[in-house]
Amino acid sequence: MLRIKDIDTYYGHVHAIKKISVNVDAGEFVTLIGANGAGKSTLLKSIIGLQPVKNGSIEFLGERIESDRSDAIIRRGISIVPEGRRVFPDFTVAENLAIGARARKSTSAEMQEDIDKILDQFPRLKERWKQKAGTMSGGEQQMVAIGRALMGRPKLLLLDEPSLGLAPLVVAELMTKLKEIHAAGATILLVEQNVTLALRVAQRGYLMESGEIIASDDAKALLESDAIRKAYLGIEH
Amino acid sequence: MTLSVKDISLRFGGVSALTNVSFDVQEGQVTGLIGPNGAGKTSLFNVVSGIYTPTSGQVFYNDHEISKLRLDQINRLGVARTFQNIMVFPELSLVENVMIGRQSRTKAGALSSIFRTRKERNERSEAERRSIELLSYVGLDKKKDELAKNLPYGEQRQLDIARALATDPKILLLDEPAAGLNLQERVSLKALIKKLNAMDYTIVLIEHDVKLVMDLCSRIVVLEYGNKISEGDPQQVQSDPKVIAAYLGSGGE
Amino acid sequence: ADTLKIGIIESISGAAAAYGDNHRKGTRLAIEEINNAGGFNGQPIEFHAEDDRSDPAAGINAAKKLIAQQKVDAIVGSSASLVTIAFTKENERYKVPAVNGQAGSPTVTEQGYKYTWRVNMTDGQLDSKAVEYFASQKGAKRFAFLVENSDYGKPPTQAAADRAKKVGATVTAYEQYNRGETDFKAQLSKIKETSPEVIFVHGYYTEGSIIARQIKELGINATLIVNMGQGVPKFVELAGAAANGAVFPTTWLPGLDNEKSKKFEEAFKAKYNHEPGAFEAGTYDSIYTVVEAAKRGGGSDPKQIQAGLAKLEGFEILLGKISFDEKNQNSGEVRLATFSNGKIVSFK
Amino acid sequence: MLLKKYGNIIAIAALVLIPLVLNDPFLTHMGIRATTAAIVVMGLTLFIGYTGQISLGHAAFFGLAAYISGILMKSGFPFLGSVAVATISVGILGCIVGLIVLRTSGHYLALASIAVGVILQTLVKNSSITGGPSGLTAVPSPSLFGWTMNSDLAYYYMVLLCMIVGFVVLRRITDSRTGDALRSIANNELAAQSLGIPVFKYKVLSFTVSTMFAAFAGTLFVHYDGFIDPDRMGLPISIFFFVMAFIGGIGNLYGSIIGAFAITILEEYAQGFGNYNVLVYGLLLAIVILFLPKGLSDLPNVIQRWRTR
Amino acid sequence: MENVIQQLIFGLSVGSTYALIALAITLVFRGMDVINFAQGEFFMAGAFMGFVFHVDLGLSMWLALPLSMASAFILGSLLERIFLRKLEENANGLSLLVMTIALFIMLRSVAQLIFGSSAYRFPAMTDGVLRFGGIQISAQYAIVIAATFIIMALLYVLFTKTALGLSLRAVAQDKTTARMMGINVSRVNNITFGLCSVLGAVAGIVYAPIAVLTFDMGQLIILKGFTAALLGGLGLVSGAVLGGFTLGVIEQYGTLLLASAYKDLVSFSILLLIILVKPNGLLGKKQIQKV
Ligand SMILES: Nc1ncnc2c1ncn2[C@@H]1O[C@H](COP(=O)(O)OP(=O)(O)OP(=O)(O)O)[C@@H](O)[C@H]1O
Ligand SMILES: Nc1ncnc2c1ncn2[C@@H]1O[C@H](COP(=O)(O)OP(=O)(O)OP(=O)(O)O)[C@@H](O)[C@H]1O
Ligand SMILES: [Mg+2]
Ligand SMILES: [Mg+2]
């Protein structure tokens, strides 16, 4: 579904992504892990055209998208939970969710159905329905950002650290939810700092370091691999 | 006793962010503040640091009421904070970001800078030296001339800590410092907080990483829906059924 | 022989642009005529025009440029009084004469600069004459003023108000407005309360025509006098029926019974397709004045022109026979005109 | 490289020598215009660029000081005394105004500054000692120790010197602890305040200094032109200064000078297009904004980026 | 008493012209997060378009108005395409602001080049004067007031009830995130600017008969419109209208009760007082910054 081949991304002179290739097949649940500054967020930005790629190609559903405009890429059926939430601060929760459905031009019945599901998942949002997102707590905003992405009923869902700022219980529920929507047919690419958690829910994982993919394998295998253990898990317990 | 929160309530129109919350922070300790999303933790920091004026109740710092002061005044008394949402100065370099924190501990005025007095120059180079030192605490000294906006998310949070430290606070309020850090980085953060605590900083910590909180804090306050539902040492709190129901969950991590 | 080089400063853009347009038309017609008739000393006269943007500082820029860079022999302009007041200092300093045929503020010549000459009358003289006429000939006793709060509207009407008091009339109201405004009902309501017999409006014809309409709308029954600048066909076009009966003082108007005026009118209409007004006449005159001064002074040198200007007594221009006073201010005849059925006619 | 190191010296040498070598009185005149404007714009840059605030009322301070200095000197005050009194008194007024209007921010600050400008302008326009709407005429040229300065070249050097001194003063402020505080306010006011910076105090300071620069430039303006009228205090002139600050490069003192010179030249150059002058001026302005959104002082970077591409 | 009401009506009618401009300023602010300094020139341009269609070409008002609106839309979106599109990428809001100043200079100068410096008369749609007892209001002003309320209602619906309105507001808050929602930012901005030009045209055409047409008729009104928009509460549709009416009434009574020479001083002093007491305008809510 998503084929990234040998792309490079620069911020001025900073070479943030170095000749990276990543594949996500239809129906897969893939996670991307790596330390601060490894380039995970940059990769997501490159996929949706927010950071121009230098070389290589990005294919989505068989079509080249690397030189498309961001909004056009999104309208092909991608949703993203961006780094730092980026809710629309002056919009109410309701409006933030509504705008998430813009790209797909959902009917109002579909929208209502999605909204019900999201409010079910995050009851907190129901209480805050008419509140401006900018005045909500960090975790509440994160819920809005996730809900907003789900409103797009995406073919491919990109998540950049969705668990950030969420209380433990909510994180657990979120992961269950992700599994659910994956089971329902969505393709997911998840960036997470919480490596254990990510590798538990995902099928496959990529490990990034300084702009390069240094390992990629089955999630289980990665979870047990020495490289990961040393870098991330060895110190646990 | 350094910081004392007394009967604080905070309302925004219909929303009650805090209801009659009281607790004390003991000098030299690490106090944890936990609770579900939207429980009012950040709001409490905002009240203590002077961003919000409480609807009712008072905050005392060394028996001195601070709830009516402006935030820069509160900072000068020795209360510094970091932010849950990134609030670095995006267009300034890292060292400049931290040097802003030194402002409250330096004095030179506009006139002495116009005449470039020796005192002014010395003070400035001293501030710079100290800022770089603080950057090294959080491992960012190598990037000191980078613009803050170009840092990855996790490192911007670290910068925020260095900047708060630059104000030479007695109390440091940390709002989710571990968010966006991976396990290894959390270990360094834990070490840093321990080190700071050993250096006699009093610390109040908001975190959703329960393990980190339990390991670091000697006392924990739990909020839910703006109410304090529990308070005590890690054992007490962890076994409090109200806390388990509201926050920790029975499964446990 | 040397070519005569004239510098022109006019308000092509900015607030006074409409009057800059008059200035451009008047001066260019004169230059064209003179050059068609052989120019000065057998050489066509040259001119350099600068836009002062209706801004005094830009006027100074223009004067410096014309004098220092273009080395003109005389400057004609500007349409705006403040601009002229500001830049004539440069003429004084570099000893290059400036001749004005349009600006109305008394200050232009009151500053007492030796190198500043004005062929048209001041608005103060014109407005006072009109008021005096109505007070003494028409028995008007109650005058109200509504004037633009600027150098254009205030000084002449203050003079006129003083004159009114001197001849025994009362000034019932003196209201002001700002350039660009389009509603004057507050001022007019105040004026209405004082039941004046005459309302004197001094400003641009754009606001003036709206005021005329609103006077009718409020049902105020008084004779409307406007300043010379409003005495143009545009005023009727804009004010419509409300213009009827409005009176204005002027230095010149079409249809005068003299050869010069008729010739000018014809030539102007041929070139620009509409009737000229007093401003076109005055600015047209200002060019002829410079050229005649050069002739009488014996050459195109600034010094010679300056000398020639002093010898112009009796030289006939559209505005009458030239007679400069000790401050180089020309005097002249004030005529009263009125709008009657959309036409400008002499007022009896 | 060389340019970087000796840039200042080369620039100063050029500013000093060009009028002397070309000896074109009009060029000298434009030089005076540009340097005078540069002084206002540098001060404005401190407030807009460094502190991140906005003012559309600086022309009022410029004009007010011009009036004060002009009136004082006309009534027999010495030149230096008039300038000093005008600058300081307007600075005090600026401080008071700052204490009032800086309670607002953003667009509301822009409006408040416009309001202050209009109020001052209306007062001047309707007062009798200022000459009312007809302006203040016959303001004397400066005289120092009995010597009257009526050479444009000398005036140019005086204004140039003032500009350079002003630049150094502002440069030292912006490079100091105070400058850091101002920039932090521009970046994030709340964060700055939470770090102990008395934000309001610094804003007032920055506003006061910038009004004093405007005021000082106003006095230089009036003793040169010999004339000032209330329109010079108006919104269009304030916007004009603002545009200069922007075109040069906001938040950059070199940019202020470049902007002042560029706009002065641009406006003059456009005159060559006759009736089209205003259109050409507007178009050139638009082109600069389009291709150099960070201002003219960003030109070297843009060229470099263009080269490496 | 009657006079008091009459003067109030006069003030409100003038205020409605301010409100019209303020509404257009609100639209651009809500959609592009910039104050459009060229709004007065759109107003002027619209009035001249109406003049060309209605007077020069002799079309009936029913034809001339929609034609002018259509041409205004084209003008606005064209200008956006040429002069603003490139800047949208650039986060710097000041560059947009300065560009609208450049647009203001250009539009005005083009109008002067086409129509000259003199003034034109736009025939009134109706000459009547409506009278209620002793109180009168000219019918043309009644049209302006009606237009104000119609536009207010339309804008309200646009912002709160339509998908375009939602996109427009999203774009103003955060362009990058708007793109992440699949919104074509350039197109939305293009429509916004086109619409603001249309609003200018409508305002210009209903207002023109009251005044006269000149190339610089936009100059004063933009300041009043800007003031009105802020006075009511920047970005609020109802605020723009309230601000316009308030400003009109303040000016009317300022002129009546005090010397007219000090009219601006009075109204701007009151304005300054209001924004000091209510730093977000009459209807604006206090912004609490959440951190
Ligand atoms: N705007 C920018 N300009 C210059 N460099 C940048 C910019 N944004 C990111 N970088 C650099 O690119 C690299 C990758 O950053 P990125 O944000 O993708 O990291 P990340 O893996 O998402 O980190 P984190 O886990 O902290 O979010 C980092 O070294 C960072 O410094
Ligand atoms: N300015 C405001 N206006 C309205 N409601 C507010 C405002 N600030 C906070 N709130 C509400 O108060 C509640 C407490 O918010 P707060 O940010 O303190 O939560 P928190 O405990 O920090 O949560 P999190 O863990 O998600 O960061 C939230 O429900 C939030 O929506
Ligand atoms: Mg990231
Ligand atoms: Mg929080």
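So that the names make sense, note that chain A is the first sequence line, chain B the second, and so on, each numbered from 1.
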Checklist line | Lys185(C), part contacting chain E, at a heavy-atom distance under 4.5 Å | finding: both
Note to self: If I compare all heavy atoms of Phe215(E) with all of Gly14(C), which pair ends up nearest, and what's the gap?
What the structure shows: CZ-O, 4.0 Å
Next item on the list: Please look at Thr214(E) and chain C and tell me whether the side chain, the backbone, both or neither of the residue comes under 4.5 angstrom of a heavy atom of that chain.
Entry: side chain
Checklist line | For chain C, the option from Asn3(E), Val129(E), Ile210(E) that forms the most heavy-atom pairs under 4.5 Å | finding: Ile210(E)
Next item on the list: Answer with side chain, backbone, both or neither: which region of Ile210(C) has an atom nearer than 4.5 Å to a non-hydrogen atom of chain E?
Entry: side chain
Next item on the list: Would you tell me whether Ser13(C) and Gln112(E) have side-chain atoms, one donor and one acceptor, within less than 3.5 Å of each other?
Entry: no
Margin query: Please give me the minimum heavy-atom distance between Gln7(E) and Ala186(C), naming the atom from each residue.
Written below: OE1-CA, 4.5 Å
Notebook entry, point to check: Pick from Gln187(C), Arg213(C), Lys154(C): which one has the most heavy-atom pairs with chain E under 4.5 Å?
Noted result: Arg213(C)
Margin query: Give me the atom names and distance for the closest heavy-atom approach of Ser189(C) to Leu256(E).
Written below: CB-CD2, 4.3 Å
Check: Any side-chain donor-acceptor pair under 3.5 Å between Asp183(C) and Tyr141(E)?
Finding: yes
Checklist line | Residue pair Ser260(E) / Glu175(C), side-chain donor-acceptor N/O under 3.5 Å | finding: yes
Check: Looking only at heavy atoms, what is the nearest atom pair of Gln136(E) and Leu218(C), with distance?
Finding: NE2-CD2, 4.1 Å
Next item on the list: State which residues pass side chain to side chain donor-acceptor pair (under 3.5 Å) with Lys271(C); sequence neighbours excluded, sorted by chain then number.
Entry: Glu32(C)
Checklist line | Winner by heavy-atom pair count (cut-off under 4.5 Å) against chain E, out of Gly180(C), Ala17(C), Ala15(C) | finding: Ala17(C)
Notebook entry, point to check: With a 4.5 angstrom heavy-atom cut-off, which part of Pro123(E) approaches chain C: side chain, backbone, both or neither?
Noted result: neither
Next item on the list: Answer with yes or no whether the side chains of Thr182(C) and Tyr207(E) bring together a donor and an acceptor at under 3.5 Å.
Entry: yes
